[in-house]
Amino acid sequence: MSPLLPVHIPNTPSGPVFKAPQATGRTGNFRSTPFSALQTAGRVDPEITSRILDDLKAPKSHTLRRLLANALASLAVDAGAQEDRLPESRLNALFRLGFLTEAADFRIPASFNRGSSDWARLALTRSHARVALNNSDSACNDARDIIAQANALPKEDKHTAILISGYCGALTGNSAAATLAADVAREQSGFDPASLAALEAVAHSSQPRISATIKLSPISYRLLQKAGAEPEQLISAKSDTALLAAMSQDNELPASYRIQVTERAADDAVISVDALAKAYRGATGGADIEQMRSGRDAETASPSERRAEMYVAAIRQQTPLRKVRLIRSFLDANRKSSSYQTALELMAKPVESLRPVPEIGWFAETAIEVLLISGRHRQAREWLQLAESADPRGPRALVHWAALIDIADWQRQTSRGQSLQSLEQMALRGDFLPDDLHRLATVLDALAYHVPIPLWEAASRTPQPTSGHLPATGLLSELQKASKSRDTTRTILLVLNAIGGNGPRGAHMIALGDSIRALKRVGLEKEARLLSLEALFPAWPRAPTG
């Protein structure tokens, strides 16, 4: 690679070192303090842990996302030595999986010599995370030393170093550096076309055009944004987890576009539901249904903007009857999409503020869904009790929800399994699809319930599904070994690999059952039950017109 012209690097202090934030609740921020259970005897094996980290996929599961945040934070206490791959694997995982703040604040171990290619690889990923978060000045702190090592870096890292050079040149108005970066990029074989287009647009002050099929990295996104690309084009292009996390925090995006990407990020469990709620509140000032757009105004608003207005109206409405109607409208707008579970969690506080009274008995099943998915099991049982006398479909219409509340409730210690009789009857009636019946039996067995014989017999009438993510040979044995030795960090990372990127609904039945057992074995009963809930909830039978 041709040597890059020196760029003007702002003389700013280095970014902050990694600080593990405080742990939060069920729908809070994903960043959390490593809990004591994650600390295992002796130092983790860096080579094995690095291989596990390198294989991780971003989980489409809020439960697994929180566990992942804890596991990655726990690994921060063991920075490793220069000959270990663990620091680099951990930083790459933080960045690739969308923990951008932690990646941007990553503290490179002192054993890494600043003039080495080992240091440059770490500094490059950290700088990319800072670019993603639009921390422009700190992103260029290490640029000069990274570029000096560019020829010693792997091909993909070398290309990113070129982009960092062009970005820092454009940032400081050094058009020569931006132009040279584009020239050098053009000479590279296999250079990402989106990134090359971004560099050339910045270098030549031209309006970039983006194909909807093109995939953007965080740095190509920032370069295209700097070149004046249309926001609609930017958010429509293919995005990986890191870019989705960056766009959801991008204050330079107009609010109407930012809530679209924030919805996608929340649905994929890249950000917390609380972050989406904050975006909704910031996107609209509507306080009640009277202030929501209607007629032609409503037609011009995007679906995301309308959902934001319905959300704000629902949380601010004080009259119970009007409140439940707004809640149902909001949920109905999401019911047939992958965002339904996210929508339910968003409605937790509005529903929690309602008293279960006969006048709104028709709302009971919706209330149960909301309270169950947000971990409010006592209130869910109160609505279930109301449904016995006030639900228009009859006293037993919702009784099967008692079983799912029992499965999800990590605090209940007694009377488990008494609610399974309703599931026997539903299984015999064929209310569960065969795959869902097998999944239910798998979950109950993993949670150590006494699975009723009729339910087993109903499941056994069809072959056990062979679809879903099945991990590599030997991984489930390693998972069992790690959990039996109480190695909580490694157990969590292996569970993530066992379940796969599509979450518990997309996992193979064997992997799902083994993962639930492993989490229970290391004392993570709550997470085991939440994972079980995520596996069962989407296909749980709903009462007609519920």
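Note that the structure is predicted; figures quoted are calculated from it, not measured. Residues take their numbers from the sequence shown, with the count starting at 1.
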What residue pairs, at least two apart or across chains, pass salt bridge (charged side-chain N to carboxylate O under 4.0 Å, His left out) with a residue in residues 262-271?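 Salt bridge (charged side-chain N to carboxylate O under 4.0 Å, His left out) check on residues 262-271 returns Glu263-Arg307.
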Mind checking salt bridge (charged side-chain N to carboxylate O under 4.0 Å, His left out) for Arg258 and listing every partner two or more places apart, or none if nothing turns up?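 Once residues adjacent in sequence are excluded, Arg258 has no partner under the salt bridge (charged side-chain N to carboxylate O under 4.0 Å, His left out) criterion.
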Does atom CZ of Arg325 have more than 12 heavy-atom neighbours from other groups under 6.0 Å away? no
With sequence neighbours excluded, what pairs up with His377 under the ring-ring contact (aromatic ring centres under 6.0 Å, His included) test?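 Once residues adjacent in sequence are excluded, the partners of His377 under the ring-ring contact (aromatic ring centres under 6.0 Å, His included) criterion are Trp410.
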Partners passing ring-ring contact (aromatic ring centres under 6.0 Å, His included) against Phe432 (at least two apart in sequence or in another chain):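 ring-ring contact (aromatic ring centres under 6.0 Å, His included) list for Phe432, sorted by chain: Trp540.
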Pair listing, ring pair (Phe, Tyr, Trp, His ring centres under 6.0 Å) test, anchored in residues 313-372, at least two apart: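 Output for this query lists Phe363-Trp383.
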Could you name each residue pair satisfying ring pair (Phe, Tyr, Trp, His ring centres under 6.0 Å) that touches residues 257-281, not counting sequence neighbours? Tyr280-Tyr311
Could Asp406 and Arg529 be called an ion pair, given the rule that one side-chain N must be under 4.0 Å from one carboxylate O?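 No salt bridge links Asp406 with Arg529.
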For Asp436, is there an ion pair with Arg439 - N to carboxylate O distance below 4.0 angstrom?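 Yes.
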Provide the closest heavy-atom pair for Thr491 versus Asp487 in the form atom of the first, atom of the second, distance.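 Scanning both residues completely, I find the closest heavy atoms to be OG1-O, 2.7 Å.
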Check side chain to side chain contact (heavy atoms under 4.5 Å, CB included) between [X] and all other residues, then give those that pass, not counting sequence neighbours.
{"X": "Pro463", "result": "none"}
{"X": "Ser50", "result": "Arg85, Leu86, Ser89"}
{"X": "Arg378", "result": "Glu382"}
{"X": "Glu359", "result": "Val357"}

Side chain to side chain donor-acceptor pair (under 3.5 Å) between Ser256 and Ser302, worked out: CA-CA 8 Å; Ser256 59; Ser302 70; over 6 Å; no
Review item, side-chain donor-acceptor pairs of residues 422-430, under 3.5 Å, at least two apart:
from: Ser422; atom 1: OG; to: Ser419; atom 2: O; distance (Å): 3.2
from: Arg429; atom 1: NE; to: Asp431; atom 2: OD2; distance (Å): 3.1
from: Arg429; atom 1: NH2; to: Asp431; atom 2: OD2; distance (Å): 2.6

Which pairs pass side chain to side chain donor-acceptor pair (under 3.5 Å) with one or both residues in residues 451-471, sequence neighbours excluded? His438-Thr462
